[in-house]
> 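Here it is, the structure, as structure tokens.
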Amino acid sequence: MTKPLMAKATAVWLVDNTTIGFKQIADFCGLHELEIQGIADGDVAAGVKGFDPVANNQLTQDEIDKAEKDPLHKLKLKYNAAAVGEEKRRGPRYTPLSKRQDRPASILWLVKFHPELTDAQVSKLIGTTKPTIQAIRERTHWNIQNIQPIDPVALGLCKQSELDAAVQKAAQKRAAEGAVMSDDERRRLVSTEQSLSDPAEPKIPSSISGLETFTLTGDPRDEEDENEKPVDADSFFNLPENNDDEDEDEQP
């Protein structure tokens, strides 16, 4: 094993009970430094109970003391022969029931701020399906009018390190294909803190929803006028005369 069991809970305990730097805790727990900052601020892992690595035989007190004295010291996981080969098995990401309703908001955030990510990458990050991603990309999702983009890291659906790795991989792939990121896409690559502080997008009132593509056409009366042929003045005054008088003379 390269990181402790219950890494996030261990990070919570280290933040609450030690003076070890955020970078040191992040390296030890396999998390991103911004996640540790979020734990300290109360924005990440809210309600998670700390997991004591010393009492659970994963870290020694001497290691903690060294790390507190030396900001450059890297914490070393205590060797446990019984834990060798017990790496977590690869498989589909499990999303708790309490967070599944937040997945559409995270998908919209990734589609908006990281359009270079493929559907497969978004699905792997959040643990969702490709039809859902496609529906949000095309804005055909049944609840699209009420979805606001939220950073998946802030919601705890993925790690900042995983998001950074996916974005970097997508950028390298685009560079290899010869595609260059536009200025607009580059401006949309913002940090977690900045995206959370952005104002909410305006919603379209339900009374006029569906009229986004409504356009005004010409007056139908104009078409009727075009179909009517103009009357020539000469032909109008040269109409055949009434022959009623001749008919009366011919009667016996």
Side-chain angles (χ1 to χ4, degrees), residues 3 6-9 11-12 22 26 29-48 88 90-174 181-182 184-204 206 209:
K3 63 181 181 179
M6 300 179 65
K8 187 166 291 187
V12 171
F22 294 158
C29 296
L31 303 174
H32 194 276
E33 189 174 353
L34 288 177
E35 288 185 88
I36 307 302
Q37 177 70 50
I39 292 174
D41 295 337
D43 298 331
V44 179
V48 176
K88 185 178 179 181
R90 295 176 62 89
R93 181 183 297 276
Y94 172 76
T95 304
L97 292 174
S98 59
K99 294 183 179 181
R100 291 183 184 180
Q101 61 184 357
D102 298 329
R103 286 189 293 194
S106 297
I107 296 173
L108 183 59
W109 189 92
L110 291 173
V111 169
K112 178 180 179 181
F113 294 104
H114 295 287
E116 71 277 8
L117 294 177
T118 63
D119 290 353
Q121 288 177 305
V122 175
S123 177
K124 184 177 180 181
L125 282 171
I126 300 179
T128 185
T129 60
K130 292 184 179 180
T132 303
I133 300 171
Q134 193 67 24
I136 293 179
R137 281 188 187 275
E138 299 175 355
R139 301 192 69 83
T140 58
H141 190 274
W142 66 273
N143 197 32
I144 192 64
Q145 299 298 336
N146 300 319
I147 300 176
Q148 293 297 328
I150 303 178
D151 191 339
V153 177
L155 292 175
L157 294 176
C158 69
K159 301 176 183 178
Q160 185 68 46
S161 57
E162 294 173 337
L163 176 59
D164 293 343
V167 172
Q168 184 178 4
K169 183 177 180 180
Q172 291 175 351
K173 183 178 180 181
R174 292 190 61 178
M181 185 179 296
S182 63
D184 183 60
E185 292 177 345
R186 189 173 287 105
R187 284 193 296 268
R188 292 164 73 179
L189 300 179
V190 299
S191 62
T192 300
E193 294 80 358
Q194 183 177 347
S195 66
L196 292 176
S197 62
D198 286 344
E201 292 184 343
K203 299 180 181 178
I204 299 177
S206 58
S209 60

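Atoms considered below: every heavy atom in the structure, side chains included; atoms not considered: hydrogens, waters and symmetry mates. All of these numbers come straight from a predicted model, not from anything done at the bench. We're numbering straight along the sequence, starting at 1.
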> Please report the closest heavy-atom contact between Lys8 and Leu31, naming both atoms and the distance.
CA-CD1, 4.2 Å
> Say whether, by atom type as modelled, one donor and one acceptor occur between the side chain of Ser123 and the main chain of Thr128 under 3.5 angstrom.
yes
> Just by modelled atom types, is the Glu116 backbone N or O under 3.5 Å from a matching donor or acceptor in the His114 side chain?
no
> Measure the CD1-CD1 distance between Ile150 and Ile107 for me, rounded to the nearest 0.5 Å.
12.5 Å
> Do the side-chain N and O atoms of Gln134 and Glu138 include a donor-acceptor pair separated by under 3.5 angstrom?
yes
> Just wondering, do Asp119 and Arg137 contact through their side chains at under 4.5 Å, heavy atoms?
yes
> Could you tell me whether the side chain of Lys169 reaches within less than 4.5 Å of the side chain of Gln121, counting heavy atoms only?
yes
> Could you check if a side-chain atom of Val111 sits within less than 4.5 angstrom of a side-chain atom of Val122, using non-hydrogen atoms only?
no
> Determine whether Leu125 and Leu117 make a side-chain contact, defined as any pair of heavy atoms from C-beta on separated by less than 4.5 Å.
yes
> Where do Ala7 and Cys29 come nearest, in terms of heavy atoms and distance?
CB-O, 3.3 Å
> Test your reading of the model: is there a side-chain donor-acceptor pair from Gln160 to the backbone of Glu35, 3.5 Å cut-off?
no
> Specify the closest pair of heavy atoms between Ala11 and Ile39, including all atoms of both residues, with the distance to one decimal.
CB-CD1, 4.0 Å
> Taking all atoms of both residues into account, what is the closest heavy-atom pair of Trp109 and Leu163, and its distance?
CZ3-CD2, 4.0 Å
> Salt bridge check, Asp164 against Lys159: does any charged N sit closer than 4.0 Å to a carboxylate O?
no
> Side-chain contact test, heavy atoms from C-beta onward, threshold under 4.5 Å: evaluate it for Val153 versus Leu34 and give yes or no.
no
> Would you give the length of the straight line joining atom NE2 of His141 to atom CG of Asn146, rounded to the nearest 0.5 angstrom?
10.5 Å
> Give a yes or no answer on whether the side chain of Arg103 reaches the backbone of Ile126 with a donor-acceptor pair at less than 3.5 Å.
no
> Is it true that a side-chain atom of Gln168 and a backbone atom of Ala165 form a donor plus acceptor pair closer than 3.5 Å?
no
> Nearest 0.5 angstrom please: Phe22 CZ to Gln37 CD, how far?
4.5 Å
> Identify the two heavy atoms, one from Ser106 and one from Leu155, that lie closest to each other, and give their separation to 0.1 Å.
OG-CD1, 3.1 Å
